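Just so it is clear, the structure is predicted and the values come from calculations on it, not from any experiment.
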Number of protein chains: 2
Amino acid sequence: MARKTGSHSEITGPRIQDAALKLFARHGYAAVSMRQIAAEVGVQAGALYNYVPHKQALLFELMRGHMVALLDAADAALEPAARPDAALEGFVRFHIGYHLGRVDLVFISYMELRALEPENFSVIEALRGRYEDRLEAILSDGKDVFDVKDTKLATLALIAMLTGVTNWFRESGRLSPEGVADSYVEMARRMVRSKEVLKPR
Amino acid sequence: MARKTGSHSEITGPRIQDAALKLFARHGYAAVSMRQIAAEVGVQAGALYNYVPHKQALLFELMRGHMVALLDAADAALEPAARPDAALEGFVRFHIGYHLGRVDLVFISYMELRALEPENFSVIEALRGRYEDRLEAILSDGKDVFDVKDTKLATLALIAMLTGVTNWFRESGRLSPEGVADSYVEMARRMVRSKEVLKPR
DNA sequence: GTCTATATTCCGATAGAC
DNA sequence: GTCTATCGGAATATAGAC
């Protein structure tokens, strides 16, 4: 059970990722040094290179892991056969719930796109496009129920509106994540003028 | 009329601002060096310090100038006595038009907030709050016409949706700024369920 | 696996010549 | 007002001891 001092391979790896995530989100990729990350973990800078080939890979793997996990979670959470209005509500609730639980990852995944080398940027952009396609498909499949002139535009408007929540939401605020989601479900429905919303009038 | 070689005070100042804006928007504040800015202008790094006390002031003045100009332009463009629906439409059209003409300034003004020293950050945040108040007042003044449960939430959702345009709009795309604004006016009206929109149904 | 030490390059900012 | 030269420090990444 005893472990030699200075040997922590199973634990140091994840701690480096956590420290990098926290510091990148707070100060930005370019403003954070490998020394700062090492200090946060509690090792010397040189030790990081036992786990990561270079700083760029640290950022890229954080972003790629986030996008892949997001797509997997979306596939698991969204019911493909749902009726259009339920599908839209499901997407809004999933998006807000998932993103509010990972604000740092969300933040760096679109703030630090500039810091990615071109090949890495292309990978992340492709994954992001696949996620946006999920919402666009919902709007497109429901075109008989919704009233949307430009599906692509509505997709981009909805995603921007929903993701914006991560910029101001605070756990200590007056609204719970569920309360926020309730309001955004209604705003999203109104935007596409879903018949479920208009009926009560 | 002849000017001594190496003396360009009236022209170099603005060119430094332009170069810094372009480079900060493309690569991020922390990733850009004073040497790079100087190279873009065509001078040596030391010459920058005849115009700017330090790098931080360069960023802060770009952001402060942008926010002050935005507030001035909003005051000039928005009709205080307009009926609620017209006021909302006016805000949407102003916001999209103004922001699409200054995508680099918009970009750094919310991407580089982290790079501001605390006192500078407070100044910019206060100016941003004053701008958001313009929209919140429109929604609040029209509470008899609009159907909005949570004015603050709707304000934040609308601003996020509108500002998101600057992230994907391209001059060469299929939509003109006016066409984009038309669509967003309709989406904004639907979100607050303005009666002008629902009447035709 | 982590340490210390270091190679190499670059940073922001300043000083003094012209 | 711009130049060259430089100060003092910090950056990424590597080498070799333990």
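In this model, the phosphate group of D/dT2 is approached by a side-chain N or O of B/Thr12 to a distance below 4.0 Å at OP1 or OP2. Within the structure, every side-chain polar atom (N or O) of B/Ser33 is placed at least 4.0 Å from both OP1 and OP2 of C/dC10. Not one side-chain nitrogen or oxygen of B/Tyr49 sits closer than 4.0 Å to the OP1 or OP2 atom of D/dT2.
The aromatic rings of A/Tyr131 and A/His99 sit tilted relative to each other, their planes meeting at an angle between 30° and 60°.
Residue B/Ile37 contributes atom CD1, which lies 17 Å from atom P of C/dC10 at whole-angstrom precision. Note: NZ (A/Lys55) to P (D/dA10) measures 15 Å, nearest angstrom. As rounded to whole Å, 14 Å separates atom C1' of C/dA13 from atom CD1 of B/Ile16. Remark: P of D/dA13 and OH of A/Tyr51 are 18 Å apart, rounded to the nearest angstrom. Atom CG in B/Asn50 sits about 6 Å away from atom P in D/dT2, given to the nearest Å. Atoms OH (B/Tyr29) and C1' (C/dG12) sit 10 Å apart, rounded to a whole Å. As a whole-Å value, the separation of B/Gln44 CD from D/dT6 C1' is 14 Å. Remark: P of C/dC11 and NE2 of B/His54 are 19 Å apart, rounded to the nearest angstrom.
With salt bridges taken as basic N to acidic carboxylate O contacts below 4.0 Å, none links B/Arg128 and B/Glu132.
Within the 4.5 Å cutoff, the side chain of A/Leu58 has heavy atoms near those of the A/Ile37 side chain.
Within 6.0 Å of the NZ atom in B/Lys152, the count of heavy atoms belonging to other residues, nucleotides or ligands exceeds 12. Taking a 6.0 Å sphere around CD of B/Glu171, one finds it holds 12 or fewer heavy atoms contributed by other residues, nucleotides or ligands.
If A/Ala31 and B/Val43 are placed on DNA chain D by their nearest nucleotide, the residue sitting closer to the 5' end is B/Val43.
Side-chain proximity of A/Ala47 to C/dG12, D/dG1, C/dT2: nearest is C/dT2. Listed nucleotides C/dT2, C/dC11, D/dC3 differ in distance to B/Gln36; the shortest reach to its side chain belongs to C/dC11.
Counting non-hydrogen atoms under 4.0 angstrom, B/Val32 reaches the backbone sugars and phosphates but no base.
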